[in-house]
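As the structure is a computational prediction, the values presented were derived from the model and not from experiment. Residue numbers begin at 1 in each chain, while the letters A, B, ... track the order of the sequences.
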Number of protein chains: 2
Amino acid sequence: MAEPRPVRRQARGERRIAEILDAALSLFAEVGYEAATTNAIAARAGISPGSLYQFFRNKEAIAQALSARLVEGTRDAHAAAFADRPVATLPLDELVDLMLDPLIEFNVSNPGAKSLFGNTDMPAQLAAATRPLHEAVTRRVTAVVTARAPHLSAVEAARTATVVVQIVKAMMPPIVAAETEERAALVTELKRAIRGYLAPLEDATT
Amino acid sequence: MAEPRPVRRQARGERRIAEILDAALSLFAEVGYEAATTNAIAARAGISPGSLYQFFRNKEAIAQALSARLVEGTRDAHAAAFADRPVATLPLDELVDLMLDPLIEFNVSNPGAKSLFGNTDMPAQLAAATRPLHEAVTRRVTAVVTARAPHLSAVEAARTATVVVQIVKAMMPPIVAAETEERAALVTELKRAIRGYLAPLEDATT
DNA sequence: GCAAGATACGAGTGATCGCTCGCATTAGTC
DNA sequence: GACTAATGCGAGCGATCACTCGTATCTTGC
């Protein structure tokens, strides 16, 4: 179980790694994880199979690194949205904008992301890699719900957050796939749906 | 391209086919389409690999037959719900119950169904097999939306239906996975979300 | 009861794919 | 410029898997 001796990456190597991940992401998005052969990934990255394995122990490591890259992007986009905002007192529609806009933007500019998350054709261990992200997002939403609807029990707040997250996740593929005009309309509808779901909870401060 | 000569199935054969489909569904649900080997499917069905190919031309044919079986079930469940009901005038909450309850029941009693639909690890041709179902459901929902909110344009009604279908689809996995008590709570939340989304459209009969 | 065909078997075949290995080339360090 | 390590190559190995084939056993129709 000896660690496989660290490697001092050169700038060239870092570039290669990025190229491999780009190639892998686009291939995964096109044909899925299983059908994407490592030789095809290497070919798309413009290198030989041997070179690919210079940088990744195996196929799963590629997916893991890719997953990490996307998780990081999503987390950053989401975290930035919440930084130093009075989430408890903001008008609901502004809050919804704040939560969704960065997420939507990230997914639109990374069209392959959705094809990695939520697909069951990858090793279980890998699917697990995205769970921390999912949990972190849900936790954050739970906190917001709790702050705005304090009369909810912890279980109820968590459930509410789950519903919100699921709805957002579900609308992402059509939003990403749509042309800009229809996309805007779908985003509007998504926000309306979220507001329609959350508004009654906040009014119920009897 | 000669048709591969029809076979006069015996009762035994029909039983075997059903057993194979059961085995395939559970395996697909556990490990995904690609990872489910045909030998493993045969083993789980209690037959030899050779026998499996007595009934199915190839692996994809198994998935296709399975898909057909599930599509039929879903369609029936959905169609039955709408039979001879005044969908245009029914109170919204009753309508939502009418639309969702049969679908939820079917998915709960066929836990593998969701793992087949909406997974991209199967041949494109196969994923296409579930599209007619998806379209049929969306069309039906569009019709209901149009009937209840006539002020919407065709495009708007279709968009609304898309959102409703996506939300329902998204909530199905958590609902299926949950224990009975939490499941009931999630169903309640789902219905609340749908009502919250649809209600404003109906009020807007200015 | 007998032929025809449906069902059953399971070792084996050909193709695919993840990954390796031996070796060549390039970049970094002194 | 010389030494070391990183990067690069691509033919091919070993394992896996969808599927076949020769053969044996049941079921059905007459």
K.L.:
Rounded to the nearest Å, what distance is computed from the CD1 atom of residue A:Ile17 to the C1' atom of nucleotide D:dG8?
P.N.:
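Rounded to the whole Å, the gap is 14 Å.
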K.L.:
Does the cation-pi check pass for A:Lys59 over A:Tyr53, that is, NZ or CZ under 6.0 Å from the six-membered ring centre and within 45° of its axis?
P.N.:
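Judged by the rule (NZ or CZ under 6.0 Å from the ring centre, within 45° of its axis), A:Lys59 is not positioned above A:Tyr53.
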K.L.:
In plain terms, say whether A:Arg195 and A:Glu202 are close enough for a salt bridge, that is, a side-chain N and a carboxylate O under 4.0 Å apart.
P.N.:
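No, A:Arg195 and A:Glu202 are not salt-bridged.
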K.L.:
Checking side chain to side chain contact (heavy atoms under 4.5 Å, CB included) for the pair B:Ile41/B:Phe28: CA distance, chi angles, key distance, verdict?
P.N.:
CA-CA 9 Å; B:Ile41 294 172; B:Phe28 287 163; 4.1 Å; yes
K.L.:
Just N and O in the side chain of A:Ser48: are any of them under 4.0 Å from OP1 or OP2 of D:dC9?
P.N.:
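For D:dC9, OP1/OP2 do have a side-chain N/O of A:Ser48 under 4.0 Å.
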K.L.:
Using OP1 and OP2 only, check whether a side-chain N or O of A:Arg16 sits under 4.0 Å from D:dT7.
P.N.:
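So the side-chain polar atoms of A:Arg16 never come under 4.0 Å of the phosphate oxygens OP1 or OP2 of D:dT7.
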K.L.:
Note the angle between the end axes of the helix from C:dG1-D:dC30 to C:dC30-D:dG1, five pairs defining each, rounded to 10 degrees.
P.N.:
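Inter-axis angle at the termini of the helix from C:dG1-D:dC30 to C:dC30-D:dG1: 30°.
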K.L.:
Output yes when B:Glu19 and B:Arg44 qualify as a salt bridge under the 4.0 Å nitrogen-oxygen rule, no when they do not.
P.N.:
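No.
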K.L.:
What is the distance, rounded to the nearest whole Å, between atom CZ of A:Arg15 and atom P of D:dT7?
P.N.:
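About 10 Å, once rounded to whole Å.
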K.L.:
When you check every protein heavy atom under 4.0 Å of nucleotides 18-28 of chain D, what one-letter string (B, S, -) results, 5' to 3'?
P.N.:
BBB------S-
K.L.:
Please evaluate residues A:His78 and A:Arg75 with respect to the criterion side chain to side chain contact (heavy atoms under 4.5 Å, CB included), reporting the C-alpha separation (whole Å), side-chain torsions for both, the decisive distance (0.1 Å), and the verdict.
P.N.:
CA-CA 5 Å; A:His78 203 246; A:Arg75 184 171 0 92; 5.8 Å; no
K.L.:
Looking only at side chains, do B:Tyr197 and A:Glu189 share a donor and an acceptor under 3.5 Å apart?
P.N.:
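Judged by distance alone, the side chains do pair up.
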K.L.:
Does A:Leu152 reach the side chain of A:Thr160, with side-chain heavy atoms less than 4.5 Å apart?
P.N.:
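The answer is yes; the side chains approach within 4.5 Å.
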K.L.:
Please give, in whole Å, the distance from C:dA27 C1' to A:Arg9 CZ?
P.N.:
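It works out to 14 Å between those atoms.
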K.L.:
For B:Ile62 and B:Leu52, run side chain to side chain contact (heavy atoms under 4.5 Å, CB included): C-alpha distance rounded to whole Å, both residues' side-chain angles, the deciding distance at 0.1 Å, then the answer.
P.N.:
CA-CA 9 Å; B:Ile62 299 174; B:Leu52 189 154; 3.6 Å; yes
K.L.:
Please report the distance, rounded to the nearest Å, between CG in A:Leu52 and P in C:dT20.
P.N.:
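Rounded to whole Å, this separation is 11 Å.
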K.L.:
Can you check whether A:Ser51 has a side-chain N or O nearer than 4.0 Å to OP1 or OP2 of D:dT7?
P.N.:
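Answer no for this pair, as no side-chain N or O of A:Ser51 is under 4.0 Å from OP1 or OP2.
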K.L.:
Nearest whole angstrom, please: distance from the P of C:dG5 to the CD of B:Gln54.
P.N.:
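Interatomic distance, CD of B:Gln54 to P of C:dG5: 14 Å.
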K.L.:
For a salt bridge (charged side-chain N to carboxylate O under 4.0 Å, His left out) check, start with the C-alpha distance between B:Arg192 and B:Asp93, then their side-chain angles and the critical distance, and finish with the verdict.
P.N.:
CA-CA 9 Å; B:Arg192 212 165 62 63; B:Asp93 52 354; over 6 Å; no
